[in-house]
J.: 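A single structure is presented below for examination.
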Amino acid sequence: MAAEISSDLLSRFAAIVGAKYAISDVNDQQPFLKEWRDRYHGKTPLVLLPGSVEEVSAILKLADETGTPIVPQGGNTGLVGGQVPHATGNELLVSLRRLDRVRAVDPDSNTLDVEAGVTLQRVQEAADGAGRFFPLSLPSEGSCTIGGNIGTNAGGTGVIAYGNTRDLILGLEVVLPGGRVWHGMRHLRKDNTGYDLRNLFIGAEGTLGIVTAAVVKIFPKPRSVGTAFIGVDSPADALNLLHEARANGGGTVTAFELMPRLGIDFVVRHVSDARDPIAEKYPWYVLLEVSTQSEEGVGDALEGMLMAAYEKGYAGDAVIASSLEQAADFWRLREQLSETQKFEGGSIKHDVSVPIRLVPAFLEKAIAAVEAFIPGCRPLPFGHLGDGNIHFNISQPVGGDKKAFLDKWEATNQVVHAIVAEFHGSISAEHGIGQAKRALLPGVKDPVEMEMMRAIKATLDPKGIMNPGKVL
């Protein structure tokens, strides 16, 4: 455990960024120290907001010389506590929000050079301004930053077609412990010159260094997009519908989201302008998006595919969005699923993945297991069926005691994660490890894999000052 940081040393750190950007007032620090689900609350003597790579380098150089622990932070939207310092108060928090420049736009190479503090929404807007498209999409895109997305290897709704953040990064600029800067801002699609160092830092949650900038891939804009909201009787039918859409949907499936009826009830109940798109109630729903480079025809193709799925018994009633506004209404139902659960009391959450073909069997077994473990609980699993990632959330019983329910969080995790292991899945599909799952990691990782991870950490961060107590 690091010692308390002296006032003289704090003054030296503050001098690097200037008094305006060294926050010591406890009240002013609060937006940086509390994550949005209210599970983690940290403490720090100083929040530093560097405005350049050189300032980040100077911070890490001084931290290395003095053994001062550093916690990097992007938009503070992480869900596993990786961006929050511990309550000991002996770590400095370094926010990258001021590193917010779009450095370069190259539509010919289909790349953007962006600094770590640029919000995901601004990355999307920069791509759009160049007549291109950046496919990473998250509900928090207005506040999460590309640096945080890189640190957690964020997923989102477009993984089915474009992959995780890892698949969207060509190059990185990283400040290493000790202050050295790795200038890895490469724009190459092919670069077979040794180890792929870039991937060490993507998903490392700031435990190996601080990402200060990235080269991201952008793509041609789809010329037309079809969006449908579909009722289905089971996850197995939804999986068959996915196969049908990929084979006969008239374009590339760019989103395929599975939602239970309970989730739709929650959103319609608690979001004033939310409406149920389908009159008949179904046990499950699919939000399907198909994109194409053709100017027209996607609507007809989507309608034909849905009719074929209906005739085969894979799909029930469906509505195809007739406008951008209606498509946005469909997406609002999906995006509000997490937010509205808080109005129904306590919610125990899991971010898991299993092979796509096993999702229906996993859901059947896991739902039965948690209902037996907590009688009266309300399972609300939803997520990205197209990539096997399910947010297996469980709302408390109606009228139950919230604290008593949440006290079962870890025990419920054990129930669900045991089934995940049985299905050869992952206990963290897209949120990361952070503080929340650090103790679980050795139980699900191959021992040799853990040894390699520890060896990499010891090599790049021998003093253990980068985001200590996270991941490892």
J.: Looking only at the side chains, is there a donor atom on one of T111 and S109 sitting less than 3.5 Å from an acceptor on the other?
T.: no

J.: Does any N or O in the side chain of E335 come within less than 3.5 Å of the main-chain N or O of P139, such that one atom is a donor and the other an acceptor?
T.: no

J.: Can you tell me how far the OG1 atom of T68 sits from the NZ atom of K463, to the nearest 0.5 Å?
T.: 9.5 Å

J.: Counting heavy atoms not belonging to R180, are there more than 12 under 6.0 Å from its CZ?
T.: no

J.: Looking at every non-hydrogen atom in both residues, tell me the closest pair between A116 and V211 and how far apart they are.
T.: CB-O, 3.2 Å

J.: May I ask you to say whether K470 pairs ionically with E205, meaning some side-chain N is under 4.0 Å from a carboxylate O?
T.: no

J.: Determine whether a donor-acceptor pair (N or O, by modelled atom type, separation under 3.5 Å) exists between the side chain of Q435 and the backbone of G81.
T.: yes

J.: According to side chain to side chain contact (heavy atoms under 4.5 Å, CB included), who are the partners of V298, at least two apart in sequence or on a separate chain?
T.: S224, V290, T292

J.: Just how far is it from atom CG of N467 to atom CD of Q73, taken to the nearest 0.5 Å?
T.: 10.0 Å

J.: Run the side chain to side chain contact (heavy atoms under 4.5 Å, CB included) check on L333 and Y285 step by step: do they pass?
T.: CA-CA 11 Å; L333 290 169; Y285 297 87; over 6 Å; no

J.: Is there a donor-acceptor pair under 3.5 Å between the side chain of S140 and the backbone N or O of S143?
T.: no

J.: Taking it one step at a time, do L92 and I59 satisfy side chain to side chain contact (heavy atoms under 4.5 Å, CB included)?
T.: CA-CA 10 Å; L92 298 188; I59 290 169; 5.8 Å; no

J.: So, the side chain of Q30 versus the backbone of K34: is there a donor-acceptor pair under 3.5 Å, distance only?
T.: no

J.: If every non-hydrogen atom of I70 is compared with every non-hydrogen atom of I210, which pair is closest and at what distance?
T.: CG2-CD1, 4.4 Å

J.: If every non-hydrogen atom of V286 is compared with every non-hydrogen atom of A238, which pair is closest and at what distance?
T.: CG2-CB, 3.7 Å

J.: Can you tell me how the ring of F392 sits relative to the ring of F362, calling it parallel under 30°, perpendicular over 60° and tilted otherwise?
T.: perpendicular

J.: Kindly indicate whether the side chain of F256, heavy atoms from C-beta on, has any atom under 4.5 Å from the side chain of I356.
T.: no

J.: Begin from the C-alpha positions of K61 and D64 and carry the test salt bridge (Lys or Arg N to Asp or Glu O under 4.0 Å) through to its verdict.
T.: CA-CA 5 Å; K61 184 174 186 296; D64 184 69; over 6 Å; no

J.: Please indicate whether R189 has more than 12 foreign heavy atoms, meaning atoms of other residues, nucleotides or ligands, lying under 6.0 Å from its CZ.
T.: yes

J.: Would you indicate whether the side-chain heavy atoms of V225 and E289 approach each other to under 4.5 Å?
T.: yes

J.: Say you draw a straight line from CG of L324 to CG of D329; how long is it, rounded to the nearest 0.5 Å?
T.: 11.0 Å

J.: Do R186 and D191 touch side chain to side chain, with heavy atoms closer than 4.5 Å?
T.: yes

J.: Mind checking the OH-CG spacing from Y195 to L200? Nearest 0.5 Å is all I need.
T.: 11.0 Å

J.: Would you say S294's side chain and E296's backbone share a donor-acceptor pair under 3.5 angstrom?
T.: no

J.: Please list, one pair per line, the donor and acceptor atoms closer than 3.5 Å that link side chains of residues 149-163 to other protein atoms, with sequence neighbours excluded.
T.:
{"unit_1": "N149", "atom_1": "ND2", "unit_2": "T145", "atom_2": "O", "d": "3.4"}
{"unit_1": "T152", "atom_1": "OG1", "unit_2": "G148", "atom_2": "O", "d": "2.9"}
{"unit_1": "N153", "atom_1": "OD1", "unit_2": "R166", "atom_2": "N", "d": "2.8"}

J.: Please check this pair: side chain of E35 against backbone of Y40, looking for a donor-acceptor N/O pair closer than 3.5 Å.
T.: yes

J.: For K445, does the NZ atom sit with more than 12 other heavy atoms under 6.0 Å from it, leaving out its own atoms?
T.: no

J.: NE2/H384 to CD1/I390 distance, rounded to the nearest 0.5 angstrom?
T.: 8.5 Å

J.: What heavy-atom pair brings S137 and E141 nearest, and what distance separates the two atoms?
T.: OG-OE1, 3.1 Å

J.: What do the steps show when you test C144 against L138 for side chain to side chain contact (heavy atoms under 4.5 Å, CB included), and what is the final call?
T.: CA-CA 9 Å; C144 70; L138 308 169; 4.0 Å; yes

J.: Between the main-chain N or O of G184 and the side-chain N or O of R198, is there a donor-acceptor pair closer than 3.5 Å?
T.: no

J.: Among residues at least two apart in sequence or on other chains, which ones pass side chain to side chain donor-acceptor pair (under 3.5 Å) with Q121?
T.: E125

J.: Where do S57 and G179 come nearest, in terms of heavy atoms and distance?
T.: OG-O, 2.5 Å

J.: In the structure I gave you, are the side-chain heavy atoms of F201 and I169 within less than 4.5 Å of one another anywhere?
T.: no

J.: Can a donor-acceptor pair be found, under 3.5 Å and without considering hydrogens, that links the side chain of Q29 to the backbone of I23?
T.: yes

J.: Using the salt bridge (Lys or Arg N to Asp or Glu O under 4.0 Å) definition, which of the options R101, R98, R97 pairs with E115?
T.: R101

J.: Check the side chains of Q336 and T340 for a donor-acceptor pair under 3.5 angstrom, ignoring hydrogens and angles.
T.: no

J.: In terms of heavy-atom contacts, does CD of E303 have more than 12 from other residues, nucleotides or ligands at under 6.0 Å?
T.: no

J.: With a 4.5 Å cut-off on side-chain heavy atoms, are K457 and M453 touching?
T.: no

J.: Roughly how far, to the nearest 0.5 Å, is the CG atom of L9 from the CZ atom of F13?
T.: 5.0 Å

J.: Before accepting this row, confirm whether a basic side-chain N of the pair D167/K217 lies closer than 4.0 Å to the acidic partner's carboxylate O.
T.: no

J.: Is there a side chain to side chain contact (heavy atoms under 4.5 Å, CB included) between L176 and L60? Walk through the geometry before answering.
T.: CA-CA 7 Å; L176 302 172; L60 292 197; over 6 Å; no

J.: So P381 and W284, do their side chains get closer than 4.5 Å, heavy atoms only?
T.: yes

J.: Do any N or O atoms from the side chain of E65 and from the backbone of G178 form a donor-acceptor pair under 3.5 angstrom?
T.: no

J.: Is the shortest side-chain heavy-atom distance between L358 and E422 below 4.5 Å?
T.: no

J.: Is any side-chain heavy atom of E430 less than 4.5 Å from a side-chain heavy atom of S353?
T.: no

J.: Would you find more than 12 non-hydrogen atoms of other residues, nucleotides or ligands less than 6.0 Å from N192 atom CG?
T.: no

J.: Does the N393 side chain pair with the main chain of K349, one donor and one acceptor, at a distance under 3.5 Å?
T.: no

J.: For residues H86 and E91, report the shortest heavy-atom separation together with the two atoms involved.
T.: N-OE1, 2.8 Å

